Structures are given as structure tokens and as C-alpha cells.
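Below: the structure, in C-alpha cells.
Just so it is clear, the model here is predicted, and its values are computed rather than measured.
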Amino acid sequence: PRLLAGGPMRSDYHALGARIDAPTQATMQLTISAQGRVAACRLVAGTGYPDVDARICSFYAQRMVWAPARGADGQPVTSWTMFVVRLRRY
């Protein structure tokens with residue numbers, strides 16, 4: 001899959017209500033549906049900030065749009081990808 005829209009933006013730090021002292025990142029495993037939406041999200045490595053970690057999957061999953069992977073027949077298929085979000089105060 002390839003991310004088309006809804007990826008990380010500078011304003012995410014504030015939108016997540018983050019109180020982050022130093023730059024950090026989170027790694028998520030995303031299941032991308034054949035329709036290009038996030039069907040499932042699992043936090044693989046957190047930011048170290050429990051309040052951010054509790055919201056990060058739903059925050060990104062609701063806005064991300066992906067070009068789905070394609071099977072051997074060229075049709076869209078469900079797949080998964082790892083996605084890293086880096087957060088820092090601007």
C-alpha cells in the first residue's frame with residue numbers, strides 16, 4: 001500500500017494534546033483494506049507518553065487514505081504495513 005492522504009502533519013503534536021518534552025516516535029502496524037482505509041491498527045512501539053499512545057492509532061486511522069496493494073490479478077487486496085510517526089514540539 002501507498003499513503004495518499006492523511007499522513008503526519010506539524011499540527012499533530014497539538015491535536016494529540018501532547019505534552020512531549022523531547023522528540024519521540026511511535027510505530028504502528030496497519031491493516032489496509034482493499035478500499036484503501038485503515039481496517040486495524042496495533043501500536044508496536046509507543047512514544048513513552050501513555051496519553052498519546054492511547055489515542056495515536058485512532059487519530060491517524062480515521063484520516064489516512066491509502067492506495068491499496070494489488071493481487072496477482074491486479075485487483076485491490078487487504079494488506080498490512082508498518083508506519084512510523086515522529087512527534088516533536090514546533
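- Gly71 approaches Val77 most closely through the heavy-atom pair N-CG1, 3.7 Å.
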The test is salt bridge (Lys or Arg N to Asp or Glu O under 4.0 Å); show your working for Arg86 and Asp12 and say whether it passes.
CA-CA 10 Å; Arg86 291 173 181 83; Asp12 291 349; over 6 Å; no

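- Between the side chain of Arg63 and the backbone N or O of Gly6, at least one donor-acceptor pair lies under 3.5 Å.
- When all heavy atoms of Arg37 and Gln62 are compared, the pair lying nearest together is NH2-O, 3.0 Å.
- Taking every heavy atom of both residues into account, Ser33 and Pro68 meet most closely at O-CB, 3.6 Å.
- For the pair Gln25/Thr47, no side-chain contact is recorded, criterion being any heavy-atom separation below 4.5 Å from C-beta on.
- Using a 4.5 Å cut-off on side-chain heavy atoms (C-beta onward), Ile56 and Leu43 make contact.
- At a threshold of 4.5 Å between non-hydrogen side-chain atoms, the residues Ser79 and Trp66 do not count as touching.
- Counting heavy atoms from C-beta on, the side chains of Phe83 and Met64 come closer than 4.5 Å.
- Of the candidates Leu30, Thr31, Thr81, Val65, Val38 forms a side-chain contact (heavy atoms from CB on, under 4.5 Å) with just one, namely Leu30.
- Side-chain contact between Met28 and Cys57: present, with at least one pair of heavy atoms (C-beta onward) separated by less than 4.5 Å.
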Trace of the side chain to side chain contact (heavy atoms under 4.5 Å, CB included) decision for Met82 with Thr27
CA-CA 7 Å; Met82 301 299 279; Thr27 302; 3.8 Å; yes

